[in-house]
Undergrad: 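I am attaching a structure below and will ask some questions about it afterwards.
Numbering starts at 1 and runs along the sequence shown. Because the structure is predicted, anything quoted here is derived from the model rather than measured. When a ligand or atom number is given, it counts from 1 through the structure's own listing order.
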Amino acid sequence: MQLDATIPPVDQSLLMERYYRYHSKIYDATRWSFLFGRRQIIQILADHYTPRHILEVGCGTGKNLIQLGETFPQAKIIGLDISESMLGVARKNLVSMTERISLLCTSYDQTLKLAQQFDLILFSYSLTMMNPGWEQALEQANRDLTPGGHIAVVDFHNSKFPAFKKWMGVNHVRMDGHIHAKLTSLYEPRIVETPNAYGALWQYLLFVGQKK
Ligand SMILES: C[S@@+](CC[C@H](N)C(=O)[O-])C[C@H]1O[C@@H](n2cnc3c(N)ncnc32)[C@H](O)[C@@H]1O
């Protein structure tokens, strides 16, 4: 008898919702201790650009959206996320900013047709969780940016400790230094940094690039 060896596609939306159903409740209280560079990337952007239309892909509980809203008071902002639980927390966090910031519950992939383009798209610790789909997401962002628009990425970069990478994998994070090459193939690098975290347990990536 021939066994069908086809591996069913990962249902990213189910996977994320299962993970974040619980984690959304403790997310804001815990993630400051290891998701480094989030405030910094927005500060870097503020030093160089004045975006009017901003999209954050994988906005989670909306902390970056609040900082983006305060930093760019003229901008219209959309936060998009695949997890309804994370957006539930974001809705509460954003209650005083709903005029300029809207939320969208959907997967960011090639099937998505947004009604507008953006001059800034931010990915903050979302690309390393899009497995599969991170390459397609970067290509989609390229289409969703206005000519000359900018992409900003803050995320895990790499670690020289296999056990640590394995542990991150258990938490749906791929940490392989894999994002940087694809970014530079699609975007002209403007800022690239890979600072150490906790000594050198891992490096995280700060990237700002311009659509080629
Ligand atoms: C680690 S959290 C980052 C949240 C926020 N950006 C931050 O910096 O705190 C990753 C987020 O990406 C979202 N995500 C994962 N895959 C996604 C996809 N394909 N489309 C949209 N969002 C996705 C998850 O639901 C989660 O909220």
Undergrad: Could you identify the single nearest non-hydrogen protein atom to atom 20 (N) of ligand 1 and state the distance to 0.1 Å?
TA: Y108 N, 3.0 Å

Undergrad: With a cut-off of 4.0 Å, which atoms of ligand 1 are near a heavy atom of S83?
TA: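 Counting from 1, the qualifying ligand atoms are 25 (O).
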
Undergrad: Closer than 4.0 Å to some heavy atom of S124 - which atoms of ligand 1 meet that?
TA: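 Those qualifying, in numeric order: 3 (C), 5 (C), 6 (N), 7 (C), 8 (O).
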
Undergrad: Minimum heavy-atom separation for A90 and G62, please, with both atom names.
TA: CB-N, 3.9 Å

Undergrad: Under 4.0 Å from any heavy atom of E56, which atoms of ligand 1 are there?
TA: 5 (C), 6 (N)

Undergrad: Looking only at the side chains, is there a donor atom on one of S85 and E17 sitting less than 3.5 Å from an acceptor on the other?
TA: yes

Undergrad: Using the rule side chain to side chain contact (heavy atoms under 4.5 Å, CB included), only one of L112, I121, L87 pairs with L80; which is it?
TA: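 Going through L112, I121, L87 one by one, the side chain to side chain contact (heavy atoms under 4.5 Å, CB included) with L80 is satisfied by L112 alone.
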
Undergrad: So, D109 versus Q136: side-chain donor-acceptor pair below 3.5 Å or not?
TA: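 There is no such pair (donor and acceptor under 3.5 Å, judged by atom type) between the side chains of D109 and Q136.
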
Undergrad: Would E17 count as a contact residue for ligand 1, given that I'm defining contact as a non-hydrogen atom of the residue lying under 4.0 Å from a ligand atom?
TA: no

Undergrad: My understanding is that only one of W134, W32, F156 makes a ring-ring contact (aromatic ring centres under 6.0 Å, His included) with Y125; could you say which?
TA: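 Only match with Y125 under ring-ring contact (aromatic ring centres under 6.0 Å, His included): F156.
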
Undergrad: Can a non-hydrogen atom of T106 be found less than 4.0 Å from any atom of ligand 1?
TA: yes

Undergrad: Using side-chain heavy atoms (C-beta onward) and a distance below 4.5 Å, is C59 in contact with L103?
TA: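 In contact.
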
Undergrad: Examine the side chains of K212 and N142 and answer whether a donor and an acceptor come within less than 3.5 Å of each other.
TA: no

Undergrad: Number the atoms of ligand 1 from 1 as they appear, then name those within less than 4.0 Å of a heavy atom of S126, with their elements.
TA: 12 (O)

Undergrad: Tell me whether K165 at atom NZ has more than 12 heavy atoms from other residues, nucleotides or ligands lying less than 6.0 Å away.
TA: yes

Undergrad: For ligand 1, is Y27 a contact, meaning one of its heavy atoms is under 4.0 Å away?
TA: yes

Undergrad: At a 4.0 Å cut-off, with the gap strictly under it, does some heavy atom of M16 reach an atom of ligand 1?
TA: yes

Undergrad: Note the single closest protein heavy atom to atom 16 (N) of ligand 1, along with its residue, its atom name and the distance in Å.
TA: Q12 NE2, 3.1 Å

Undergrad: Minimum distance, heavy atoms only, to atom 17 (C) of ligand 1: which one of I82, L80, L35 is it?
TA: I82

Undergrad: Using a strict 4.0 Å cut-off to heavy atoms of G60, name the atoms of ligand 1 that fall inside it.
TA: 4 (C), 27 (O)

Undergrad: When you measure from atom 24 (C) of ligand 1 to each heavy atom in V57, V173, D81, N131, which option holds the nearest one?
TA: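 The residue whose heavy atom sits nearest atom 24 (C) of ligand 1 is D81.
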
Undergrad: Between Y19 and H23, is the ring-ring contact (aromatic ring centres under 6.0 Å, His included) condition met? List the steps.
TA: CA-CA 6 Å; Y19 183 72; H23 279 270; 4.2 Å; yes

Undergrad: Check this for me - ligand 1, G58, N or O atoms closer than 3.5 angstrom, yes or no?
TA: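 The answer is yes, given that G58 and ligand 1 share an N or O pair closer than 3.5 Å.
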
Undergrad: Taking only Lys NZ, Arg NE, NH1 and NH2, and the carboxylate oxygens of Asp or Glu, determine whether K63 and E56 approach each other closer than 4.0 Å.
TA: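 No, this pair does not count.
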
Undergrad: Tell me whether C59 reaches ligand 1 (any heavy atom closer than 4.0 angstrom to a ligand atom).
TA: yes

Undergrad: Please determine whether any non-hydrogen atom of K63 lies less than 4.0 Å from an atom of ligand 1.
TA: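 Distance cut 4.0 Å: K63 fails for ligand 1.
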
Undergrad: Could you tell me which atoms of ligand 1, counted from 1 in the order shown, lie closer than 4.0 angstrom to a heavy atom of S107?
TA: 19 (N), 20 (N)

Undergrad: If you count the atoms of ligand 1 from 1 in the order shown, which ones are under 4.0 Å from a heavy atom of N64?
TA: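 By the 4.0 Å cutoff, the relevant atoms are 6 (N), 7 (C), 8 (O).
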
Undergrad: Output the list of atoms in ligand 1 that are nearer than 4.0 Å to some heavy atom of M129, sorted by atom number.
TA: 1 (C), 10 (C)

Undergrad: Could you check whether any side-chain heavy atom of Y108 comes within less than 4.5 Å of a side-chain heavy atom of L55, counting everything from C-beta outward?
TA: yes

Undergrad: Looking only at protein heavy atoms, identify the closest one to atom 10 (C) of ligand 1 and say how far it is in Å.
TA: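 Answer for atom 10 (C) of ligand 1: Y125 O, 3.4 Å.
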
Undergrad: So which of T146, D144, I78 actually passes side chain to side chain contact (heavy atoms under 4.5 Å, CB included) with Q116?
TA: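 Exactly one pass, corresponding to I78.
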
